[in-house]
Amino acid sequence: RIQTKHKVRTRKLKRRIYQHIDSNATPESNSQSKRMLSKYERSEINLNWEDDIPAVIKFIRSELPRKVTSLDKRSIDRLEKLVYALKENGLLRTIVASDRERRLGGLFVIPFNGTYLYLKGAVGKDSKDMGVMYGAMQMAIDEAQSEQMHFDFGGSNAEGVKRFNYNMGG
């Protein structure tokens with residue numbers, strides 16, 4: 001049951017899919033993941049830990065609502081507030097993808113309580129086709145493991161997200 005200001009309504013919640021990589025495990029990426037990582041490594045795109053929250057939010061706003069129907073403007077506005085609050089409290093790490101001229105997307109992770117939790121991320125179609133999201137996720141996994149932390153993909157009931165997480169070894 002979910003209580004709101006004026007009424008109580010019941011909503012059936014789907015089971016959370018928990019996908020993670022232990023801090024001492026070697027992720028077993030499948031061939032799809034390896035191909036995409038190879039494409040990224042051959043590209044001219046750079047991935048860096050930066051604090052450019054607006055760049056990542058811009059791509060989340062433009063790319064994700066087409067793929068995730070429940071992610072509307074209001075949801076993204078809430079996500080943006082959350083991201084800034086996490087940053088203010090020292091609980092946010094941001095990976096930004098860029099080429100020589102522009103930002104291409106990125107992702108947010110929350111390092112907390114022995115785990116790097118993937119929050120959200122997005123890249124444009126061209127960057128996606130070049131394996132940039134795979135590269136960014138691998139960078140976050142490597143960082144978590146270098147700090148002896150688990151990596152939690154955050155889980156999802158969306159088939160494409162589950163498949164991506166599985167490809168990355170989750």
Side-chain angles (χ1 to χ4, degrees), residues 13-43 45-53 55-57 59-60 63-64 67-68 70-71 75-76 78-98 103-124 127-170:
L13 299 175
K14 293 183 178 178
R15 182 175 63 95
R16 180 174 186 263
I17 308 299
Y18 185 71
Q19 297 171 302
H20 78 281
I21 298 173
D22 290 326
S23 59
N24 58 357
T26 302
E28 295 182 21
S29 303
N30 68 13
S31 59
Q32 167 70 13
S33 177
K34 290 174 185 172
R35 267 192 311 276
M36 295 307 282
L37 284 168
S38 179
K39 280 184 176 184
Y40 161 70
E41 289 165 358
R42 291 189 314 266
S43 77
I45 296 172
N46 296 307
L47 292 169
N48 294 297
W49 291 101
E50 296 182 33
D51 289 336
D52 195 350
I53 293 170
V56 179
I57 291 290
F59 280 89
I60 289 171
E63 299 297 323
L64 293 188
K67 299 173 188 169
V68 183
S70 63
L71 198 58
S75 304
I76 296 172
R78 286 188 196 140
L79 173 67
E80 186 172 15
K81 283 183 183 178
L82 171 66
V83 165
Y84 279 105
L86 289 166
K87 179 64 183 163
E88 189 175 302
N89 288 290
L91 294 172
L92 183 76
R93 302 280 317 268
T94 306
I95 295 175
V96 178
S98 58
R103 301 296 195 186
L104 304 168
L107 61 79
F108 301 119
V109 292
I110 304 167
F112 181 73
N113 201 23
T115 299
Y116 262 49
L117 172 63
Y118 169 74
L119 180 59
K120 194 71 70 189
V123 296
S127 299
K128 179 184 170 200
D129 293 345
M130 292 186 345
V132 173
M133 202 62 185
Y134 280 88
M137 290 294 279
Q138 188 62 57
M139 185 175 173
I141 291 166
D142 291 346
E143 183 74 6
Q145 290 186 322
S146 76
E147 296 179 22
Q148 272 67 57
M149 296 174 78
H150 301 287
F151 186 86
D152 183 346
F153 287 91
S156 177
N157 289 314
E159 193 55 43
V161 176
K162 284 193 290 189
R163 187 174 44 255
F164 179 88
N165 295 349
Y166 174 76
N167 290 345
M168 290 296 296

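Note that this is a predicted model, so its numbers are computed, not measured.
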Chemist: Can you see which heavy atom on Ser75 is nearest to which on Leu71, and at what distance?
Modeler: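 Taking every non-hydrogen atom into account, CB-CD1, 3.8 Å.
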
Chemist: Under the side chain to side chain contact (heavy atoms under 4.5 Å, CB included) rule, what do Lys39 and Tyr134 come out as? Steps first, then yes or no, please.
Modeler: CA-CA 10 Å; Lys39 280 184 176 184; Tyr134 280 88; over 6 Å; no

Chemist: Could you give me the CA-CA distance, side-chain angles and deciding distance for Phe108 and Ile53, then say whether side chain to side chain contact (heavy atoms under 4.5 Å, CB included) is met?
Modeler: CA-CA 9 Å; Phe108 301 119; Ile53 293 170; 4.1 Å; yes

Chemist: Is it true that atom OH of Tyr84 has more than 12 heavy atoms of other residues, nucleotides or ligands lying nearer than 6.0 Å?
Modeler: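 Yes - once you tally the heavy atoms of other residues, nucleotides and ligands closer than 6.0 Å, there are more than 12.
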
Chemist: Could you pull out all residues at least two apart from Lys87 that satisfy salt bridge (charged side-chain N to carboxylate O under 4.0 Å, His left out)?
Modeler: Asp51

Chemist: Identify the two heavy atoms, one from Pro111 and one from Arg93, that lie closest to each other, and give their separation to 0.1 Å.
Modeler: CG-CG, 3.6 Å

Chemist: If you look at every heavy atom in Ala122 and Glu63, which pair is closest and at what distance?
Modeler: CB-CB, 4.2 Å

Chemist: Can you sort out the partners of Ser43 under side-chain contact (heavy atoms from CB on, under 4.5 Å), two or more places apart, ordered by chain and number?
Modeler: Tyr40, Ile45, Met130

Chemist: List the atom of Gly124, the atom of Phe59, and the distance in Å for their closest heavy-atom pair.
Modeler: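 Gly124 and Phe59 have their closest heavy atoms at N-CD2, 3.7 Å.
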
Chemist: Dump the intermediate steps for side chain to side chain contact (heavy atoms under 4.5 Å, CB included) on Lys120 and Leu64, then the final yes or no.
Modeler: CA-CA 10 Å; Lys120 194 71 70 189; Leu64 293 188; 3.5 Å; yes

Chemist: Only counting residues at least two apart or in another chain, list the ones meeting side-chain contact (heavy atoms from CB on, under 4.5 Å) with Ser38.
Modeler: Arg42

Chemist: Nearest 0.5 Å, please: how far is NZ in Lys128 from CE in Met36?
Modeler: 8.0 Å

Chemist: Going by the rule salt bridge (charged side-chain N to carboxylate O under 4.0 Å, His left out), which residues pair with Asp142 if we only count those two or more places apart in sequence or in a different chain?
Modeler: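 Testing Asp142 for salt bridge (charged side-chain N to carboxylate O under 4.0 Å, His left out), a comparison that skips the adjacent residues, returns none.
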
Chemist: Which heavy atom in Leu104 sits nearest to a heavy atom in Ser127, and how many Å separate them?
Modeler: CB-OG, 3.5 Å

Chemist: About how many Å separate CG of Asp152 and CD1 of Ile141, when rounded to the nearest 0.5 Å?
Modeler: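 Taking CD1 in Ile141 and CG in Asp152, the distance rounds to 11.0 Å.
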
Chemist: Partners of Ala136 by side-chain contact (heavy atoms from CB on, under 4.5 Å), sequence neighbours excluded?
Modeler: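 Only Leu47, Ile95, Leu107 meet the side-chain contact (heavy atoms from CB on, under 4.5 Å) criterion with Ala136.
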
Chemist: With sequence neighbours left out, write down each residue that passes side-chain contact (heavy atoms from CB on, under 4.5 Å) with Asn48, or none if nothing qualifies.
Modeler: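 With sequence neighbours excluded, Asn48 shows a side-chain contact (heavy atoms from CB on, under 4.5 Å) to Asn46, Glu50, given in chain and number order.
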
Chemist: Is there side-chain contact between Val96 and Val56, with heavy atoms separated by less than 4.5 Å?
Modeler: yes

Chemist: What are the two closest non-hydrogen atoms of Leu119 and Val83, and how far apart are they?
Modeler: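 So the two residues come closest at CD2-CG2, 3.9 Å.
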
Chemist: Which one of His150, Gln145, Glu147 satisfies the side-chain hydrogen bond (donor to acceptor under 3.5 Å, both in side chains) criterion with Tyr116?
Modeler: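 Of all the options given, the one that passes is Glu147.
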
Chemist: What's the separation between atom CG in Leu117 and atom CZ in Phe151, rounded to the nearest 0.5 Å?
Modeler: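 So the gap between those two atoms works out to 8.0 Å.
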
Chemist: I want to check something: taking the side chain as every heavy atom from C-beta on, are Trp49 and Met139 in contact at a cut-off of under 4.5 Å?
Modeler: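 A side-chain contact under 4.5 Å exists here.
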
